Visitor: 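What follows is a structure written as structure tokens; I'll ask about it next.
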Amino acid sequence: MNLRNRLEKTVCNAMVAAGIPADCPAIVAPSAKAEFGDYQANGVMAAAKKLKTNPRKLAEQVVERLMGAGPDGLTDLAEKIEVAGPGFINITLSGAFAEKQLAAAAGDKEKLGAQPAQTPQTVVVDYSAPNLAKEMHVGHLRSTIIGDCLARVLPFLGHKVIRQNHVGDWGTQYGMLLAYIGTEEASPKDLEDLEQLYIKARAKFDSDPKFAKRARRKVAELQTWDEKSKHISIRTWRWLKRCFKKLLRKFMRLFGINIDYQNIKEFWGMYNAISLEKCLSVYSEKEGLGVLLNSDDTCGESFYNGDLPNVVADLRKAGLLTESQGAQCVFLPQFKGKDGEPLPFIVRKSDEGFLYATTDLAAIRYRVGTLHAGRILYVVDARQSLHFKQLFAVAGAAGFLPEDVRAEHIAFGTMMGPDGKPFKTRTGGTVKLMELLKEAEERAFKLVSEKNPDLPEDERKDIAKTVGIGAVKYADLSQNRTSDYVFSWDKMLSLEGNTAPYMQYAYARIRSIEGKAGLSEGKMPSPHAGETPTTHLKQTAVHGQDAHGTHGRDARATAEKAGAIRITEPAERALAVKILQFPETIQSVADDCMPNYLCAYLFDLAGAFMGFYESCPVLKADGPTRASRLELCRLTAAVIQKGLDLLGIKTIERM
RNA sequence: GCGCCCGUAGCUCAACGGAUAGAGCAUCCGCCUUCUAAGCGGAUGGUUACAGGUUCGAGUCCUGUCGGGCGCGCCA
């Protein structure tokens, strides 16, 4: 159950029943302080202002309704509802309600109390989107990690997510490469070669205007190559080149002859295959980050190539197109550039080449028309916000983006260098993603070997991988995505405080308690949220056999007791309320696309557990208390595991 | 010049217009003969850049100033 929603609704009803207009929000939030109960409703004060009545008196009338039974009553879940301060309504949940809800969550291993959305949507999540021809670097981290989290959270709430990795496989950087292989003999075998080639091509592009022009023309030619008719093969071209050198280009230009782009396309395809493979290994769990993206999700710029002329034609039909300085542009009145001049949205260059504006428009049409998206999320650097504002506006004006389809730019801050300036991607000096991950694992391995030298090396390696990658992801996800951040090894790989290892540690501790409880009763606790494999699958399986073995009676007895969580101690209560807030947390992450809400929640939850851990012995308690606390442990572990899983972070059984 | 974002503890960051602005790191003091000390408890640390305004109530909304980042016609 989404507690906050339930309270919001009921308080709203009660407000209406007390004579408050229905458009006054209840404004329910978790209480700022323990003395204010579990939740506070702040809406009455504003309503009283509107009605020009005494806010406290009005709040009392609302509370009166809340105390009654029926649709505007909270008697089933609250043990105390009171007016405080100038007109706050403070709500304290009853222990009985909490116990009931915890039992329900415990019985719902998959969702842990979260309910599917009433209106499931098809959500396209556009994320990662590296430029091919270059190896992925730390600048690609945020989009990949944040997008991946959203791609996990939304399906958890019953939405259908279609991942789209809009890789850069078509733009000017490819023109550069293809123009470059026209001047040099070059056939890269791996990404290393390709990257060297790219660096050389880039340097030539930046320093040689003629080459730059040729590269741009190459893009335009490539994009419109189907329209051309005269071709020669690249082999022929090379042969001719050897024979005639300087004369050749003039000759070709004079007669409008191009290289056979089918061959060029083969080169292009080879480059893509090489770089894409490397990207996929960065995405893979085995070698890299462990994100959901796979080759099926790759849908790069080139995918839309055939549709680009249509996009421009349709814009023309819609009367949106204007030619300006030889380029095809859309001018919308709300966008102004320098000196108040209208700001163009250029869809076709004067050399007839298309741009990412065109590609993005084609992508919107595809996502709306073919993928049937109800919501489209673009997890892209904040610096592109103007582009997306224009894109959505133009797409709307052209009828590509219906009003009921939400397109959102999920902007994130720039990765800054230690000098406070943005990391430069073009002139080198970047940290490769694979190197970052390796370093993370090494640091984690050092630490785990220090803390737990008795564990076998293989296990320490596994732990290091999970902890290291988790730390990298968590460092990013726990931060408000809209702010810039300075890249720092120490910060990113920190393993203390509000970090993934803290959460993983909390989890491991709980599992350790459960393990010990299981041993003493001849039963391993039921594996929860079981679809996520852990490094200790083997161990769990061994104990799992025990459960079906000779100790069946004990196991059954434990299972019977398991549902009965009894809340008596304050620390138990605090933990219980936190657990019940899992559904509403996930909901707000999905609504606002803010993974840091989930991190903050998990940190609170872990904190609540630590408090419980310190003050409420589990294994030493007896009878029903022991069973209750054990169940509370299981549930906490399940929520932590699921929460981390939604962040894309794995748990381990020991660390 | 115009536009967007930002300015909160020494550092890194939180805080649907709500009550006495919170964490982590760092510093200092305690806690391993009791379920993992990657932990827990406590202390120190703030005129939320500045000045006005809106209102029952402002870190949050509005205006201005200062400071920083980014963007603004054929790159993505």
Side-chain angles (χ1 to χ4, degrees), chain A residues 4 25 27-29 31-33 35-36 40 42 45-46 48-49 55 84-88 90 129 131 168 171-173 175 205 216 219 301 324-329 335-341 343-351 353 355-357 359-360 380-387 389 411 413-414 416 420-422 425-426 444 447-448 450-452 467 478-480 482-486 488 490-491 494-499 501-502 504-506 508-517 588 592 596 600 603-604 607 610-611 613-615 617-621 629 633 654-655:
Chain A
R4 188 165 156 177
I27 314 182
V28 172
S31 291
K33 292 191 169 236
E35 57 192 283
F36 302 145
Q40 55 184 70
N42 307 326
M45 289 172 285
K49 177 74 182 167
F88 296 101
N90 291 339
N131 271 336
T172 301
Q173 78 274 18
F205 185 86
R216 291 206 178 88
V219 177
E301 293 172 324
S324 171
Q325 297 167 29
Q328 302 299 319
C329 310
F335 297 106
K336 300 257 195 278
K338 288 174 185 167
D339 310 319
E341 290 292 306
L343 188 68
F345 190 65
I346 302 175
V347 294
R348 189 156 203 179
K349 299 191 278 187
S350 51
D351 68 2
L355 301 96
Y356 77 138
T359 313
D360 279 347
V380 180
D381 192 311
R383 285 176 293 188
Q384 292 194 36
S385 64
L386 178 61
H387 167 71
K389 273 185 194 152
T414 311
M416 310 296 251
K421 287 178 181 169
T425 56
R426 285 173 178 172
L447 189 67
V448 72
E450 227 171 74
K451 300 275 181 189
N452 236 334
V467 169
S478 60
Q479 207 148 90
N480 185 323
T482 59
S483 50
D484 292 346
Y485 78 82
V486 177
S488 141
D490 287 337
K491 196 186 155 198
S494 161
L495 306 171
E496 279 177 354
N498 185 8
T499 61
Y502 175 87
Q504 289 164 326
Y505 179 67
R509 265 182 154 185
I510 303 172
R511 295 292 288 164
S512 167
I513 295 173
E514 292 178 45
K516 287 196 167 131
S588 54
D592 301 343
N596 61 314
F603 186 62
D604 280 354
M610 292 300 180
Y613 183 89
E614 297 291 325
S615 63
V618 177
L619 299 177
K620 292 211 162 168
R629 287 181 179 169
C633 284
R654 293 196 291 184
M655 64 187 282

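Computed from a prediction, not measured in an experiment: that's the story for all the values here. Order of the sequence lines fixes the chain letters, A, B, ..., with proteins taken first and strands second; residue numbering starts at 1 for each chain.
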Visitor: Please check the phosphate of B:A14 (OP1 and OP2 only) for any side-chain N or O of A:Asn480 closer than 4.0 Å.
Guide: yes
Visitor: Figure out the CG/C1' separation between A:Asp351 and B:C75, and round it to whole Å.
Guide: 12 Å
Visitor: Is there a Watson-Crick or G-U wobble partner for B:C40 with both distances under 3.5 Å, and which nucleotide is it?
Guide: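 Here B:C40 is engaged in a pair, and the nucleotide opposite it is B:G30.
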Visitor: With respect to the side chain of A:Met45, which nucleotide from B:G18, B:G39, B:G24 is positioned closest?
Guide: B:G18
Visitor: Can a side chain N or O of A:Ser31 be found less than 4.0 Å away from OP1 or OP2 on B:G18?
Guide: no
Visitor: A:Phe603 has an atom CZ; how far is it from atom P of B:G22, in whole Å?
Guide: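 It works out to 15 Å between those atoms.
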Visitor: Whole Å only: how far is the CG atom of A:Asp604 from the P atom of B:A14?
Guide: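 Those two atoms, CG and P, are 15 Å apart.
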Visitor: Is the phosphate of B:C74, meaning OP1 or OP2, less than 4.0 Å from a side-chain N or O of A:Ser350?
Guide: no
Visitor: Atom CG of A:Leu447 and atom CG of A:Asn452: how far apart are they, to the nearest 0.5 Å?
Guide: 10.0 Å
Visitor: Between B:G39 atom P and A:Tyr613 atom OH, what is the distance in whole Å?
Guide: 13 Å
Visitor: Quick one: is B:G71 close enough that its OP1 or OP2 comes under 4.0 Å of any side-chain N or O from A:Lys389?
Guide: no
Visitor: Looking only at side-chain N and O atoms, does A:Asp490 offer a donor or acceptor that is under 3.5 Å from a partner on A:Ser488?
Guide: no
Visitor: With the side chain counted from C-beta on, respond yes when A:Tyr505 and A:Lys451 share a heavy-atom pair under 4.5 Å apart, and no when they do not.
Guide: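 No, too far: nothing below the 4.5 Å cut-off.
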Visitor: Here's a test of your reading of the structure: between A:Ser494 and A:Gly326, which maps to the more 5' nucleotide of RNA chain B?
Guide: A:Ser494
Visitor: How many Å lie between CG on A:Asn42 and P on B:U55, as a whole number?
Guide: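 Result: 20 Å.
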Visitor: Out of curiosity, A:Gln479 CD to A:Asn596 CG, how far, rounded to the nearest 0.5 Å?
Guide: 8.5 Å
Visitor: Whole Å only: how far is the NE2 atom of A:His387 from the P atom of B:C75?
Guide: 14 Å
Visitor: With a 4.0 Å limit, can you tell me whether A:Arg509 has a side-chain N or O closer than that to the phosphate oxygens OP1/OP2 of B:A37?
Guide: yes
Visitor: What contact category does A:Ala508 fall into here, base, sugar-phosphate, or nothing, at under 4.0 angstrom with non-hydrogen atoms?
Guide: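 Touches a base.
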Visitor: Please determine if a side-chain N or O atom of A:Tyr505 lies less than 4.0 Å away from the OP1 or OP2 oxygen of B:A38.
Guide: yes
Visitor: Within the structure, does a side-chain N or O atom of A:Lys491 lie under 4.0 Å from either OP1 or OP2 of B:G24?
Guide: no
Visitor: Stacking between B:G39 and A:Tyr502, yes or no? Criterion: centroid separation under 5.5 angstrom, plane angle under 30 degrees.
Guide: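 No; by the centre-distance and plane-angle rule, A:Tyr502 does not count as stacking on B:G39.
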Visitor: Please report, rounded to the nearest Å, how far the P atom of B:C16 is from the CG atom of A:Asn596.
Guide: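 That distance rounds to 10 Å.
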Visitor: Consider the side chain of A:Arg383, meaning its heavy atoms from C-beta on, and name the nucleotide among B:G71, B:G73, B:A15 that approaches it most closely.
Guide: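 Nearest nucleotide to the side chain: B:G71.
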Visitor: Using Watson-Crick or G-U wobble geometry with both distances below 3.5 Å, tell me the partner of B:C50, or none.
Guide: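 Looking at the geometry, B:C50 pairs with B:G64.
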Visitor: Keeping A:Gln504 on the side-chain end and A:Met655 on the backbone end, is there a donor-acceptor pair under 3.5 Å?
Guide: no
